[in-house]
Q: 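The structure under discussion is supplied below as C-alpha cells; questions concerning it will follow.
The analysis underlying the following values was restricted to heavy atoms, covering all of them including side chains, and did not include hydrogens, waters or symmetry mates.
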Amino acid sequence: MMELHGALNISDLYPALGFLDLQGLRKRTAECVSKLRELWDPIVFRRRESARGTSDFLDVLLDSGFSDKQISYTFVELLAAVSDTTSATMEWAMSELIANPKTLTACRQELDDKFPKGHTVKESDLAQLPYLRACVKETLRLHPPAPLLLPRRAAKDCHVMGYTVPKDAQVLVNVWAVARDPRYWEEPLRFKPERFVEGGSESDVDYKGNHFEYLPFGSGRRICSGLPMAMRKVQLAVATLVHGFEWSLPAGMVAEDLDMDEKYGVTLMKLNPLVLIPTPRD
Ligand code: HEM
C-alpha cells in the first residue's frame, strides 16, 4: 500500500484525468484497504458486542461513539503512519552504526556502563542513554522517513522568499534537503551524533517542530501525532539490538561496502535492505 501511495501518479500532473485512474492506483489501493479491513473489522465488531472496560485504544474509540467505518479507516491511517516510518528508522540507524564502528562502540559502551550484560533495556532506562538518543536523532536528520512530509495545500495566494504560491497549489516541504544544508549544519553529510549531545554544536535542536532546520516529524497542527510513541519505540529497539547482540556483515563484506542508497517512495527506505548477522552477547 505504501508503494502505491508513493508511486508517480499521472493524475497529480493532469488532475482533470484523475477520474480515469489511468494507472489503476486507486483500484489497487482500494483492494489493499479492503484486505486490511477484512483483518480487523471482525475484531471491532466482536469488541463492540462484548462487555468491556475502557482499557485500550479500540475501547476508547468505541466508547467515544465512533462508527465501525470510522474506526476501520482510522486503523488504515495508523497502519500507514506507523509501520514503514518506524521500521525504516531502525534499519537506517543500524546501517549507520555498522558503517561507523566507533559510534557503535561508543553507543554500546554507554549501555554497558549503565546496565549489566543480559539486562533487558526498558523504556524507563532511555533517560540514562543520551548518546543512544543522539544516534537516533542523527539518523532521523540524515534519513527522515517522510522526506517531503505530507502534502499541504495553499489556503490563499501567498509570497514566500520571492516566489508566488497560488491558492490551492500543492506544497511539499523538503525536510531531507534542509537537514543536509551546510548553511545550518556542520559537516552535514557526516553521521555525527555528538552534535546533539550536551556541549555539541546542535545540542539545543529538537524534533518537536520548533527548529525549522530539523523537522523529521513535521511541524504545526499536523505534526506527527505519534511522535512520543515513535521515539520511544525506535530508541528502545535500537538500544536492545546494540546491547543484546554483536553484529557482523555477511561473509566478505566490510563496513565500507555498506551502501546508503535510498529508494524513491513516500517513505525513505533503503534501496538494498540491510543484512546483518546477530550473535548474542552473553
Ligand atoms: C520514526 C517514526 C515516525 C516518523 C519519522 C513520523 C513522521 C511523521 C511525519 C513527518 C508526519 C507528517 C507531519 C507533517 O506533515 O507536518 C506524520 C504524520 C502522522 N504520524 Fe507519524 N511518524 C512516525 C511514527 C508514527 C507513529 C508510531 C504513529 C502512531 C502511533 C504516527 C502517527 C502519525 C499520524 C496519525 C500522522 C498524521 C497526523 C495528521 O495529519 O494530523 N507516526 N508522521
Q: Would you call Glu31 and Lys35 a salt bridge, using N to O less than 4.0 angstrom?
A: no
Q: Between Lys263 and Glu3, is a salt bridge (charged side-chain N to carboxylate O under 4.0 Å, His left out) present by the stated rule, with each step listed?
A: CA-CA 11 Å; Lys263 186 167 144 189; Glu3 278 179 19; 3.8 Å; yes
Q: For the side chain of Gln23 and the backbone of Leu8, is there at least one donor-acceptor N/O pair under 3.5 Å apart?
A: yes
Q: Is there a donor-acceptor contact under 3.5 Å from the side chain of Glu123 to the main chain of Arg232?
A: no
Q: Decide yes or no for Ile71 and Phe75: does some side-chain heavy atom of the first lie under 4.5 Å from some side-chain heavy atom of the second?
A: yes
Q: Closer than 3.5 angstrom, by distance alone: can the side chain of Arg281 be matched with the main-chain N or O of Glu246 as a donor-acceptor pair?
A: no
Q: Under the 3.5 angstrom rule, does the side chain of Arg222 hit a backbone N or O of Gly220 as a donor-acceptor pair?
A: no
Q: Only one of Pro144, Cys224, Ser225 passes side-chain contact (heavy atoms from CB on, under 4.5 Å) with Phe217; say which it is.
A: Cys224
Q: Any link between Leu148 and Leu4 through a network of hydrophobic side chains (Ile, Leu, Val, Met, Phe, Trp, Tyr) touching at under 4.5 Å?
A: no
Q: Between Lys208 and Asp206, is there a side-chain N and carboxylate O pair less than 4.0 Å apart?
A: no
Q: Would you say the ring centers of Tyr207 and Phe196 fall short of 6.0 Å from each other?
A: no
Q: Does the pair Cys135 and Thr103 meet the rule for a side chain to side chain contact (heavy atoms under 4.5 Å, CB included), with working shown?
A: CA-CA 8 Å; Cys135 289; Thr103 310; 4.0 Å; yes
Q: Answer yes if Ile277 and Leu97 sit in the same cluster of Ile, Leu, Val, Met, Phe, Trp and Tyr residues linked by side chain heavy atoms under 4.5 Å apart, and no otherwise.
A: no
Q: When you group the ILVMFWY residues by side-chain heavy-atom contacts below 4.5 Å and let the links chain together, are Met90 and Leu132 in the same group?
A: yes
Q: With a 4.5 Å limit on heavy-atom distance, are the side chains of Thr164 and Asp157 in contact?
A: no
Q: Answer yes or no: is there a side-chain heavy-atom contact under 4.5 Å between Ser72 and Val44?
A: no
Q: Checking the side chain of Arg133 only, and the main-chain atoms of Gln235 only, is there a donor and an acceptor separated by less than 3.5 Å?
A: no
Q: Same cluster or not: Leu25 versus Ile10, using hydrophobic residues (I, L, V, M, F, W, Y) connected whenever any side-chain heavy atoms lie under 4.5 Å apart?
A: no
Q: To the closest 0.5 Å, what do you measure between NZ (Lys137) and CE (Met231)?
A: 7.5 Å
Q: Show, in sequence, the C-alpha distance, side-chain angles and deciding distance for Phe191 and Arg141, and conclude whether the side chain to side chain contact (heavy atoms under 4.5 Å, CB included) test is met.
A: CA-CA 9 Å; Phe191 185 76; Arg141 182 183 69 82; over 6 Å; no
Q: Salt bridge (charged side-chain N to carboxylate O under 4.0 Å, His left out) between Arg46 and Asp41: does it pass, once the steps are laid out?
A: CA-CA 9 Å; Arg46 276 203 305 276; Asp41 280 1; over 6 Å; no
Q: Between the side chains of Glu213 and Arg180, is the shortest nitrogen-to-carboxylate-oxygen separation below 4.0 Å, so that they form an ion pair?
A: no
Q: Under a 3.5 Å distance rule, please check whether Trp92 uses its side chain to pair with a backbone N or O of Met260 as donor and acceptor.
A: no
Q: Any chance you could measure Leu258, atom CG, to Lys270, atom NZ, to the nearest 0.5 Å?
A: 5.0 Å
Q: Nearest 0.5 Å, please: how far is CG in Leu61 from CD in Gln70?
A: 9.5 Å
Q: Quick one, Arg28 and Val33 - any side-chain contact, counting heavy atoms below 4.5 Å?
A: no
Q: Quick test of your reading of the model: are Arg48 and Asp63 salt-bridged, counting only N-O distances below 4.0 Å?
A: no
Q: Can you tell me if Asn100 uses its side chain to pair, donor with acceptor, with the backbone of Lys102 under 3.5 Å?
A: no
Q: With a 4.0 Å cut-off, would you call Lys192 and Glu187 a salt bridge?
A: yes
Q: Decide yes or no on salt bridge (charged side-chain N to carboxylate O under 4.0 Å, His left out) for Asp59 and Arg47, but give the supporting numbers first.
A: CA-CA 8 Å; Asp59 286 328; Arg47 186 76 73 88; 3.0 Å; yes
Q: Check the orientation of Trp247 and Phe245. Use parallel for under 30°, tilted for 30 to 60°, and perpendicular for over 60°.
A: tilted
Q: Would you mind reporting whether Lys114 and Glu110 have side-chain heavy atoms less than 4.5 Å apart?
A: yes
Q: What's the spacing between Met229 CE and Leu227 CG if we round to 0.5 Å?
A: 12.0 Å
Q: How many angstroms lie between atom CG of Leu172 and atom CG of Leu149, to the nearest 0.5 angstrom?
A: 9.0 Å
Q: Answer whether the closest heavy-atom distance between the side chains of Gln109 and Tyr131 falls below 4.5 Å.
A: no
Q: Any non-hydrogen side-chain atom of Leu36 less than 4.5 Å from a side-chain atom of Leu79?
A: yes
Q: Hey, are the side chains of Asp84 and Pro145 touching, using non-hydrogen atoms and a 4.5 Å cut-off?
A: no
Q: Out of Glu138, Glu96, Met269, Glu91, which one pairs with His143 under the side-chain contact (heavy atoms from CB on, under 4.5 Å) rule?
A: Glu96
Q: Where do Trp176 and Leu268 land on the side chain to side chain contact (heavy atoms under 4.5 Å, CB included) test, with the steps shown first?
A: CA-CA 10 Å; Trp176 179 94; Leu268 190 71; 3.7 Å; yes
Q: Say you draw a straight line from CD of Glu198 to CG of Asp204; how long is it, rounded to the nearest 0.5 Å?
A: 11.5 Å
Q: Side chain to side chain donor-acceptor pair (under 3.5 Å) for Ser201 and Arg195? Distances and angles first, verdict last.
A: CA-CA 5 Å; Ser201 55; Arg195 69 177 82 242; 4.9 Å; no
Q: Is a side-chain N or O of Arg26 found less than 3.5 angstrom from the main chain of Gly18, in a donor-acceptor match?
A: yes
Q: Leu104, Leu236: one ILVMFWY side-chain cluster at the under-4.5 Å cut-off?
A: yes
Q: Do we see a donor-acceptor contact under 3.5 Å between the side chains of Glu202 and Tyr214?
A: no
Q: Give a yes or no on whether the backbone of Ala169 and the side-chain of Arg153 come within a donor-acceptor separation of less than 3.5 Å.
A: no
